[in-house]
> 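Next up is a structure, given as structure tokens.
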Amino acid sequence: MTITSKDDSPATELLVKKIADLREQIAHHQHRYYVLDDPEITDTEFDSLFRELQTLEEWNPELKDPNSPTVRVGGAVADRFEKVQHLVPVLSLANAFGEEDLQRWRDRLLRLLPEEEHARLAYVVEPKFDGLTVVLQFEDGRFTLGATRGDGETGENITPNLRTVHQLPLRIPVPNAGGHSKMQPPRRLIVRGEVYVEENDFQLFNQEQARKGERTYANPRNFAAGSLRLLDSGVTAERPLKLWTYQIFLEEGLEHPPGSHWDSLEHLRAYGMPVCDESRRFSDAEWEDLIEFVGSWDELRIRLPYDLDGMVVKVDLLSQRDLLGFTGKDPRWAVAFKTGGEEATTRLLDIGVKVGRTGAVTPNAVLEPVQIGGVTVQAATLHNADYIEELDIRIGDIVLVKRAGDVIPKVLRPVKKLRDGSEKPWRMPAECPSCSQRLERPPEEAATYCVNNACPDQLVRKLEYFVSRGAMDIVGMGSRQADLFVSKGYIKTLADIYQLPWEEIEKIDGYGEKRIQNLLHAVDESKSRGATRLLTALGIRFVGNVVAELVMAEYDTLQELMDADLEALSDIEGVGPKIAEAVVSYFNLEPNRALVQSLADLGVSLANPHQEREVKEDSLPFSGKTFVITGTLPTLSRAEAKARIEAAGGRVTGSVSTKTDFLLAGEKAGSKLNKAQQLDVPILGEQDLLQGAELGK
Ligand code: IVH
């Protein structure tokens with residue numbers, strides 16, 4: 001083509017027509033591609049049209065047009081943004097947190113609208129897009145001004161940047177959009193929209209920026225806002241910005257202006273604007289369905305490639321909106337629905353299993369990271385195999401996750417309707433992930449166990465517990481050391497903590513002399529923690545600090561406890577048969593007895609430290625005497641009786657044995673009374689205690 005003349009020759013006319021034609025074609029194809037997601041030509045064909053137009057415009061600068069599709073690549077550089085006064089105030093939205101709030105919003109509508117309007121009341125529910133609000137102005141079909149919201153009255157002119165957003169039509173109506181090709185453009189159209197970025201595009205951008213050592217953004221919303229406010233529109237053009245339009249502020253010069261929001265969305269589509277297809281219309285009679293739809297936003301959010309900030313519920317009829325009006329800056333006819341934010345849905349990427357210190361193998365969820373109440377969650381508990389089976393949770397499912405306070409988040413249920421068939425059911429593995437021994441599941445239990453005492457993971461967990469603050473409290477020993485020393489083979493049983501090969505450890509990176517000394521000192525010091533702490537540290541099922549204390553009040557040393565029988569243990573108040581059973585079966589196992597013996601051989605104390613009190617209070621009436629209380633006393637509560645005994649230097653324990661000096665019995669005394677009688681333990685009544693002092697002698 002050799003069209004270079006600038007006069008009015010037929011060649012120029014042809015050129016003008018050619019350029020107009022190309023612009024129209026390109027606008028059409030951009031709309032098909034970016035708005036309808038349904039291209040008619042290949043990228044190569046499109047590129048060739050685009051380049052042809054670019055070349056013609058370059059050769060003929062006088063035929064340039066600010067709304068030519070070629071401006072999408074940006075170029076204009078500003079040194080600041082000009083302020084623009086909005087022709088229509090850009091209002092904000094009130095929030096409704098949860099169903100009840102939403103119900104109250106509807107009640108108010110019904111109160112405010114005259115009775116005869118109720119039958120026509122209808123709503124449109126649409127996603128609340130999480131981006132930057134923009135105001136777009138078109139005059140005689142041409143995009144003339146684009147601004148930020150600002151304070152609602154004055155915004156900033158960001159027209160050149162907005163021109164680079166592919167989904168924004170620069171001329172309306174876009175040829176053939178929505179089949180309304182003969183539609184006349186309104187004299188003036190002002191539209192509200194939201195510029196946003198898809199989650200994926202955001203991640204890719206940030207990764208690339210990080211790789212180049214350049215600025216990254218906190219979230220897609222900041223990214224969108226930041227990109228729109230760049231002074232160089234050429235840079236904005238490279239950002240993956242997208243647009244939704246959802247409100248007409250002004251549509252002048254139409255013979256039949258839309259009467260409802262639903263219709264105005266149709267208008268927007270017909271002009272070639274991007275309008276989200278997820279919106280739904282409900283009559284007031286369908287309120288229950290509306291509630292259900294609104295409640296499913298969290299699921300919708302997973303399905304969509306961009307993030308939502310809730311849902312917006314709007315009165316559909318524009319005439320009713322006028323009747324309802326505003327409170328402050330918020331229209332009464334619309335409300336943003338949001339949930340409390342304690343729960344969220346995300347994808348279950350995998351299910352891992354972890355061996356605990358008791359050998360219990362528990363499944364846990366590996367999640368696609370999700371924000372719940374301001375915290376990123378990527379792991380959650382799945383309890384046990386039954387839980388997974390009963391709820392039919394599958395790998396690949398979208399799951400509802402709950403986070404409450406600081407407790408471990410949990411998976412509540414799968415969202416089954418979002419399945420696409422690729423989800424995989426999960427089974428508890430047959431073998432331990434750590435030691436490959438067969439796992440066992442006791443008949444009446446929900447948990448599965450690795451019963452291998454030498455299982456490395458189990459040992460690491462046992463160690464972590466053994467050295468923890470409530471147990472042997474070995475400062476400087478933690479998960480890291482447990483892992484390291486087990487994997488190096490230095491620790492094979494808990495007792496090995498007290499015979500670590502320190503010369504070897506000294507060779508490990510990061511274990512200098514000072515550190516070794518501190519560790520050694522802490523290990524040594526822990527030897528005298530005493531029987532109660534040691535019993536806790538062993539990690540017997542159901543035996544924590546409190547139970548250990550109750551139990552060790554009855555026995556002088558762990559050695560003695562090892563030989564205690566079931567009956568004596570169950571008699572201890574606060575212990576009972578279940579715990580007694582756990583303790584007895586623990587000490588019935590030879591390796592456990594051997595462990596306690598090795599600990600003792602290595603210098604770990606099996607007795608509780610002597611209480612100074614005993615010595616000091618030697619002179620008190622009940623010093624050195626052990627009491628058991630049973631039944632209901634006439635006036636004193638058990639706590640009061642106990643306090644009196646202790647004040648007089650005595651000790652109160654839970655079960656009657658040969659070591660019991662007195663049984664304090666009230667009404668309805670049971671087995672303890674029998675036992676005391678069998679053992680010839682003197683039996684006292686409350687009166688004896690109250691008169692008490694002489695008894696100790
Ligand atoms: S309607 C006067 N619909 O949310 C009522 N707003 O918190 C006009 N937003 O900045 C708002 N998606 O721009 C409406 N589908 C939607 C929306 C939406 C996002 C923005 C809105 C405003 C913010 C209010």
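Atoms within each ligand, like the ligands themselves, are counted from 1 in listed order.
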> Thinking salt bridges, do Arg229 and Glu156 make one under a 4.0 Å N-O criterion?
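Salt bridge flag = yes for Glu156 with Arg229.
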> Between ligand 1 and Glu194, is the shortest N or O to N or O distance under 3.5 Å?
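Among all N and O atoms of Glu194, at least one is under 3.5 Å from an N or O of ligand 1.
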> Indicate yes or no: does Asp284 engage Arg106 in a salt bridge with an N to O separation below 4.0 Å.
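Salt bridge present between Asp284 and Arg106.
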> Return the residue, atom name and 0.1 Å-rounded distance of the protein heavy atom closest to atom 7 (O) of ligand 1.
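The closest heavy atom on the protein side is Lys128 NZ, 3.0 Å.
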> Just go through Leu93, Thr245, Val90 and tell me whose heavy atom is the nearest to atom 11 (C) of ligand 1.
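Shortest heavy-atom distance from atom 11 (C) of ligand 1: Leu93.
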> Below 4.0 Å, non-hydrogen atoms only: which portion of Pro127 touches ligand 1? Side chain, backbone, both or neither.
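Within the 4.0 Å criterion, Pro127 contacts ligand 1 through backbone atoms alone.
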> Among protein heavy atoms, which sits nearest to atom 3 (N) of ligand 1, and what does the distance come to when rounded to 0.1 Å?
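Scanning the protein heavy atoms, the shortest distance from atom 3 (N) of ligand 1 goes to Lys314 NZ, 2.9 Å.
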> Which residue holds the protein heavy atom closest to atom 8 (C) of ligand 1, what is that atom called, and what is the gap in Å?
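Here the closest protein heavy atom is Arg192 NH1, 3.4 Å.
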> Can you list the atoms of ligand 1 that are under 4.0 Å from a heavy atom of Val312?
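So the answer, numbered in order with elements, is 3 (N), 15 (N), 16 (C), 17 (C).
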> Can you list the ligand 1 atoms lying under 4.0 Å from a non-hydrogen atom of Glu126?
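Numbered from 1, ligand 1 contributes 3 (N), 15 (N), 16 (C).
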> Between Glu57 and Arg23, does any NZ, NE, NH1 or NH2 come within less than 4.0 Å of an OD or OE carboxylate oxygen?
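Judged by the 4.0 Å cut-off on N to carboxylate O distance, Arg23 and Glu57 do form a salt bridge.
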> Specify whether Phe129 and Tyr246 have parallel, tilted or perpendicular ring planes, treating 30° as the upper limit for parallel and 60° as the lower limit for perpendicular.
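Answer is tilted, since the angle falls between 30° and 60°.
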> Please confirm whether the ring centroid of Phe282 lies under 6.0 Å from the ring centroid of Phe293.
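That pair passes the under 6.0 Å test.
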> For atom 10 (O) of ligand 1, what is the closest protein heavy atom, and at what distance to 0.1 Å?
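Of the protein heavy atoms, Thr133 OG1, 2.8 Å lies nearest.
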> Report, in ascending order of atom number, the atoms of ligand 1 lying under 4.0 Å from any heavy atom of Gln247.
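Listed by number with element: 8 (C).
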> Name the closest protein heavy atom to atom 14 (C) of ligand 1, giving the residue it belongs to and the distance to 0.1 Å.
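I find the closest protein heavy atom is Tyr246 CE1, 3.3 Å.
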> Which class fits the ring pair Trp105 and Tyr123: parallel under 30°, tilted 30 to 60°, perpendicular over 60°?
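Answer is tilted, since the angle falls between 30° and 60°.
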> At what distance is the nearest protein heavy atom to atom 2 (C) of ligand 1, and which residue and atom is it?
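For this ligand atom, the closest protein heavy atom is Pro331 CG, 3.3 Å.
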> Against ligand 1, does Ser279 come closer than 4.0 Å with any heavy atom?
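No, that is not the case, since the closest heavy atom of the residue is not under 4.0 Å from the ligand.
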> With a 4.0 Å cut-off, would you call Arg394 and Glu423 a salt bridge?
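Glu423 and Arg394: not salt-bridged.
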> So does Asp101 pair up with Lys338, basic N to acidic O under 4.0 Å?
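Salt bridge: no.
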> Would a line drawn from the ring center of Phe223 to the ring center of Phe205 be shorter than 6.0 Å?
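Centroid distance Phe223-Phe205: below 6.0 Å, so yes.
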> Tell me, which protein residue and heavy-atom name are nearest atom 12 (N) of ligand 1, and how many Å apart are they?
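So the nearest neighbour among protein heavy atoms is Phe129 N, 2.9 Å.
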